[in-house]
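Note on naming: letters A, B, ... go to the chains in the order of the sequence lines (proteins, then strands), and numbering restarts at 1 for each one.
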Amino acid sequence: MHEKANASIDPVDLLRVRFEAAIRAALPELEGEFDTLITPSRQEKLGDFQSNAAMPLAKRVGMNPRELAGKIIEKLDLTGVGEAPGPDSIAGPGFINVRLLPSALGECLGRLDTPELGVSPPESPRIVVVDVCGVNLAKQLHVGHLRATVIGDAIARVFERLGDTAIRQSHVGDWGLPIAMVAWRVSATADAGGASVQSLTLGDLEREYRAAQAACRPETRALERVRARGGHPKAEAELELRIEEAEAARAAARAFLVALQGGDEAAWGVWQTIRDITMGECLRLCARLHTRITDEHSAGESSYRTELGPMVEDLVARGIAEESDGALVVRVDGIGEPALIRKGDGGFLYATTDIAAVKRRVQDLGGDELVYCVDARQSLHFRQVFGAAEKAGYTTKPDGTVARLEHAAFGTVLGEDNKPLKTRSGENVKLADLLDEAVARAATTVAEKNPDMPERERGEVAEAVGIAAIKYADLSGERVKDYVFSFDRMLAFEGNTGPYLQYALVRVRNILRKARDEGIDVEAAMGADLLITEAPEKQLALLLLRYPGVLAGVAQSLEPHRLCTYLYDLATAYSSFYENCPVLKAESDAVRSSRLRLCSLAGRVLGDGLETLGLPTLERM
RNA sequence: GUCCCGGUAGCUCAGCUGGAUAGAGCAGCGGACUUCUAAUCCGCAGGUCGAAGGUUCGAAUCCUUCCCGGGAUGCCA
């Protein structure tokens, strides 16, 4: 315990040991566990860390909290860690403030300075299955898909960074009647001598998708309305005809679906082509977005098609599913609405596929934890699916351990009217257009700031800056909150933005590059004593030490925005250090070496953090 | 009706799971580029944390009720 604390990176661990000993000594009669309640100070003038333990403990033993705080600091030995405590260390109702010794800070930093930046591999790495992206066949990705892709990938990256295995799963909506409707339509067009299916773009497919939807929608409501008003017979006749046509279209689409399900070669070929067109475009965007989502991560609904029937039979046989109004449902304790898993007509529903997906992710992929990065509006759906899967025993691994299932819900992207940007509105912003706009704006800024930069590099910088701006804008807010989409907000390059973080890292790299150019032995400086004397150095050092803990907190909470906040604070602390503490022109070689090492550490943490969020980094900008 | 999620500066948002005088960015005002790149830094100004109660040494944070906004709610996915 003491050994471990001595080797710790986080000063909180060092202090906890000292405070525990002091409290035990001050209150020998105290029984049971207690918390030392050590946290970083919010205001640096008060100290670096504080313990709030005296207040609850005083209550427990019936003492005055300030008096108890006094007794604690009498026993508190901070040798080698912090400045000796005195009466001034106590403030307010009984806060105990601690100021760290520069030497202790340097030693902690030295322990952070490992190839893994203080992140130790887990004793038993876990398998975390992360649901990402959420694409549907024949539909373009729009800004609504940004979140599932970017946040999901970031969460997966955090687990990977911590030494766990992340398996991304893109649950592609590639099955069912809507898909059959488009497939039937494009196939019929091709058969009639129109455009071949292969020649279609995703944009074409999406238009066909909408057209197919419209063609298959019976306008019974409109007819009812017309009849209720005693409308014109001609209008009535026309609507009746349209309804007939729609029914015919639906019948044709159903027939196509049956052919597809039966393995009909022609139907299968059309479906495959539509799939290839959609996924090709989707994966190009995923790559451009600097995510690690690739083809191997696609597990479409179609991949469950042969598993659903047997699974449902199994649920019925074991009495987990029951009939209700002709449909089959699974009731889950604590949820009013049951999960529907089979329609009256025998068809399966999205809950069915999702339950099968839980089973596969736990029992075949070996997931210890399943994370669903999906819109918050699906919240009830996932509570039902998780509950049903648990009831069925599908969340239990072959070895008997039970997987943890979590819906990492994100808020909706809204339009200026405060309503969700919806696919059918037709006014939604395409993801590809957003990226193009971002890069175009970044290119303008790059040209202004770096007129001498070679053309090709300017392009690369613009791409990285634009993508980082968008991703950071999406990642930096609390996950569950909605936001109103705005180009200006998402493509800002100043202040608390992705490019700000990239810029701070570029400044680090510039110094290190220049040092090498000037013939300074940078490698030697990497072993230099860390002299933390100036306030900005201290601020930077204290933040650096929090990095491993922040990563762990993000994995625990599934909230990447915490890493954003941390990196922004770190970049700000570095910027302040940069302005106030000359490195290459430091007053002595020892200080210069120390600062070079501090720069290097800051750069590595920043770079590592950016990469863990999935934001591209740069050498210059 | 029931359930879920939000409400913090003019705007966009943080607030480390109950700690001290609630913090940033943008916008506004004023400073700092012959210096390691100013996509930066420093300063000023800006707040009954939706409302009212409660819990306790201490509440933006926990509990209750209410107000406002959004969402979900068995045979679409």
Does A:Y574 reach a base, just sugar-phosphate, or nothing at all? Heavy atoms under 4.0 Å. nothing

Verify the ring-centre separation between A:Y350 and A:H171: is it less than 6.0 angstrom? no

So what does A:C216 hit on the nucleic acid, given a heavy-atom distance under 4.0 Å: a base, only sugar-phosphate, or nothing? nothing

Under 4.0 Å between any heavy atoms, over every strand shown, what does A:G173 touch: base, sugar-phosphate, or nothing? Just pick one. nothing

Please tell me whether A:R507 and A:N510 have a donor and an acceptor in their side chains that are separated by less than 3.5 angstrom. no

When the P atoms of B:rC33 and B:rA38 are considered, how many whole Å apart are they? 12 Å

For B:rA20, does either OP1 or OP2 sit under 4.0 Å from a side-chain N or O belonging to A:R42? yes

Out of B:rC57, B:rA77, B:rU37, minimum distance to the side chain of A:K59 belongs to B:rC57

Sticking with atom C1', work out how far B:rG28 lies from B:rC68, rounded to a whole angstrom. 30 Å

B:rA20 OP1/OP2 closer than 4.0 Å to side-chain N/O of A:K45: no

Select base, sugar-phosphate, or nothing to describe what A:D35 touches, counting heavy atoms under 4.0 Å on all strands. nothing

Roughly how many Å apart are B:rA51 and B:rG10, using the C1' atom of each and rounding to a whole number? 22 Å

Counting only side-chain nitrogens and oxygens, does A:H561 get under 4.0 Å of the OP1 or OP2 atom of B:rG15? yes

Under 4.0 Å from OP1 or OP2 of B:rC41: is there any side-chain N or O of A:Y500 that close? yes

Work out how far the P atom of B:rG31 is from that of B:rA9, and round it to whole angstrom. 29 Å

OP1 or OP2 of B:rG7 under 4.0 Å from side-chain N/O of A:K481: yes

Give me the distance, rounded to whole Å, that separates B:rA45 from B:rG30 when you measure between the C1' atoms they each carry. 11 Å

side-chain N/O A:R383 vs B:rC3 OP1/OP2, d < 4.0 Å: no

Side-chain N,O (A:Y350) to OP1/OP2 (B:rA77) below 4.0 Å: no

